[in-house]
Protein chains: 2
Amino acid sequence: MSQRDFVSAEEVAQRAGVSRSAVSRAFTPGASVSEATRQKVLRAAEELGYQVNHLARGLMRNESGIVCLIVSDVATPYRSALLRELTQQLQIAGKVAMLVNTDRSDGSVDRALQQAIRYRADASIILSGLPDKSITQLCLRNGQRLVLINRDDDQPGPLRINLDDHEAAGRVVTAFVRAGCTRLAFANSEAGTPSLMAREAGFIAAAKAHGLDVIVERHGWTGYEAGKVVAQRLLTRRERPDAVFCATDLLACGLMDAARHQFSLSIPDQLCVIGFDDIEQASWSSYDLTTFAQPVVSIARQAVTWLVDSPSPNRLDGHSLKLHAELVWRGSVRGG
Amino acid sequence: MSQRDFVSAEEVAQRAGVSRSAVSRAFTPGASVSEATRQKVLRAAEELGYQVNHLARGLMRNESGIVCLIVSDVATPYRSALLRELTQQLQIAGKVAMLVNTDRSDGSVDRALQQAIRYRADASIILSGLPDKSITQLCLRNGQRLVLINRDDDQPGPLRINLDDHEAAGRVVTAFVRAGCTRLAFANSEAGTPSLMAREAGFIAAAKAHGLDVIVERHGWTGYEAGKVVAQRLLTRRERPDAVFCATDLLACGLMDAARHQFSLSIPDQLCVIGFDDIEQASWSSYDLTTFAQPVVSIARQAVTWLVDSPSPNRLDGHSLKLHAELVWRGSVRGG
DNA sequence: TTGTATGCGTTATCAG
DNA sequence: CTGATAACGCATACAA
């Protein structure tokens, strides 16, 4: 171990010729310090390279300033975009983000939340998976705020931010019908998360209202490769679909690539495609994909402001938020 | 503020019928506790939902377990892939990642490092920007380890992990020449980071050795759009290049899309392209891009093991590491 | 092996 | 407005 010799408030106090409480006050916004001593302290701190020890401060204040971000598949376009927005907003709000990676293994999210508790995180934002009810209660009981994004859980306490997946899927049918499509398909993964399944259910329901059937194919874990596999299955059918709604842009990219390069299909002439997420690649001219935009900035803002404003001192009941997914028209559907 | 009422070691001790130090020891690997009391403590802790307070532990041990990741453009494919790998490895090593977003503004990295100091991070890993020398010294002086990835700085102290950019660029020329290309071009951004410039310099030098000139175009900040702009400039020249080395895969994607969809060029028949990073999209069949793989896993492993193994108790001189970037052959160059 | 006492760097409380 | 003092929750040196 190295010479851990961080400079403490004590040393700053000595150099500035004041008491250590004066130093503390100088770094506490809204504390009662005369401007004169404040300046003395600040200068001494500057010279010594003093930085307030947030570990100790958190211990005292019962407020660490840490917000834990629990997420799997960080390297995925949509996830990383949301991550960027969240960290950004948190920083602006004076919080700091702690990133915990989860995998699909059992209890992975629970372990992440334990880590959050150990560091006395003021809040945890869960982007993937779903925690066990008991540990959720543990967090809540300890005054740790919880935000579930696109998790569609119904336990009370956490703030739950969701999209209007079901309704959005309905608008896809309208678009496809207007484009003259009649053989509809839905491309999904086997992840089976609530939002994914809501898109599927909404699509099927709306199609049925139009008197149309939907071919559903599911494969893998919502990635590009899965899209290729699904395309393989869908496009080799005797009754080849002329419109595919993909649960995810990543799936759509894989499907489009397979459709074009393996099946020599022209999009949107022979096949219309709509995705979901509006990842950056959706706007690349190789895809030019019509898709739903995840409102990442407003998701992040809602989450962060709720965390910071700590509105309910006694009863910390989060509410459920349903955000709107806007359809971004591009070239993968006829007659936009 | 809510009822912050985390359960403490004291309560666990009472319930288990032991002293509070026994509790502490039960949670300290390698402490001298009888298996009997350890079990008693663990059970009591389980029942109460006790989690060690890492804020307090960090205060005592002078070791927070926090590693600060300083990065801009988190949502970028290469960055997010590296981020995923780093967080993963850190977790395995028993550390936790603190994510600080930087922008291109002045002093952004310095502020991030201050945050790292405030939370007494055991180490900071810098993926973007370059800190001021004074603050670097401050970190080092405080025993905070520093890792610079692809920053190519020469100040002693931090561990510096770099790629063999210059040599790699040389191999590009070989590949292009073998493909029968004669009009070489280099697509770069205006970011001007050392690794980007090394690729440019290495390419030009190797080309000159073959008696070939290089057309260089730079624009924007290393993204897809910048690639499109550069393509515009490059492909409207009277002497149109027949081979382009792009400093980044993102640039390459933009350039390829422009080449194909705006200039109707066939790749690799009329234009050979090589990129750098091997982002996921490079393998998508719309691009099928020959490129250099960033050894993200070994970068992460090198960084993390160095941080954890704390090899030099007194003199914490990091060394410089030069990793190899392997060329991944795909279809964007003739005669792979 | 166990318990007791002390200190880590802060902030909050209370006199002055 | 300022300084002394008591927590915060934990780990460790020391004594038993």
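You'll find that the side chain of A:A56 is closest to C:dG9, out of C:dA12, D:dT12, C:dG9. Comparing atom distances between the A:S24 side chain and each of C:dT11, C:dT10, D:dA4 picks out C:dT11 as nearest. You'll find that the side chain of A:V18 is closest to D:dG3, out of D:dT5, D:dG9, D:dG3. Closest contact between the side chain of B:Y50 and the listed nucleotides C:dT4, D:dT2, D:dC10 involves D:dC10. The side chain of B:V52 lies closest to D:dA11, out of D:dG3, C:dA12, D:dA11. Residue B:S32 places its side chain closer to C:dT1 than to any other of D:dT12, D:dG3, C:dT1. Of the candidate nucleotides C:dA12, C:dT2, D:dC10, C:dA12 has the atom nearest to the side chain of A:M60.
Counting any heavy atom pair closer than 4.0 Å across all strands shown, B:V23 reaches no nucleic acid atom. Across all strands, A:S34 comes closer than 4.0 Å only to sugar-phosphate atoms, never to a base (heavy-atom distances). Residue contacts for B:S21: at a heavy-atom cut-off of 4.0 Å it reaches a base atom on one of the strands shown.
Put simply, the residue from A:D103, A:T102, A:N101 that forms a side chain to side chain donor-acceptor pair (under 3.5 Å) with A:S108 is A:D103. When each of A:T87, A:V74, A:V100, A:L82 is checked for a side-chain contact (heavy atoms from CB on, under 4.5 Å) with A:L69, only A:T87 meets the rule.
The CD atom of B:E10 sits 14 Å away from the C1' atom of D:dA11 (whole-angstrom rounding). Atom C1' of nucleotide D:dA11 and atom NE2 of B:H54 are separated by 13 Å, given to the nearest angstrom. Distance CZ (A:R20) to P (C:dA12): 15 Å, rounded to an integer number of Å. If you measure from atom CD of A:Q51 to atom C1' of C:dT10, you get 15 Å, rounded to the nearest angstrom. Between the CD atom of B:Q39 and the P atom of C:dT2 there is a distance of 13 Å, given to the nearest Å. Straight-line distance from the CG atom of A:L55 to the C1' atom of D:dG9: 12 Å, rounded to whole Å. As rounded to whole Å, 15 Å separates atom P of D:dT2 from atom CZ of A:F27. Per the geometry, CG belonging to A:L59 stands 11 Å off P belonging to C:dT11, to the nearest Å.
Positionally, the nearest nucleotide of DNA chain C for B:R38 lies more toward the 5' end than for the other of A:A9 and B:R38.
A donor and an acceptor atom sit less than 3.5 Å apart, one in the side chain of A:R25 and one in the base of D:dG3.
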Item to check | Test salt bridge (Lys or Arg N to Asp or Glu O under 4.0 Å) applied to A:R15 and A:E46, step by step | outcome: CA-CA 11 Å; A:R15 185 176 187 103; A:E46 173 73 30; over 6 Å; no
Item to check | Audit row: A:S128, A:D73, side chain to side chain contact (heavy atoms under 4.5 Å, CB included) steps and yes/no | outcome: CA-CA 9 Å; A:S128 334; A:D73 305 307; over 6 Å; no
Item to check | Criterion side-chain hydrogen bond (donor to acceptor under 3.5 Å, both in side chains) on B:N150 and B:S195, from CA distance to verdict | outcome: CA-CA 6 Å; B:N150 276 336; B:S195 47; 5.0 Å; no
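OP1 or OP2 of C:dT2 lies within a sub-4.0 Å distance of a side-chain N or O belonging to B:T37.
A:R111 and A:Q114 share no side-chain donor-acceptor pair at under 3.5 Å.
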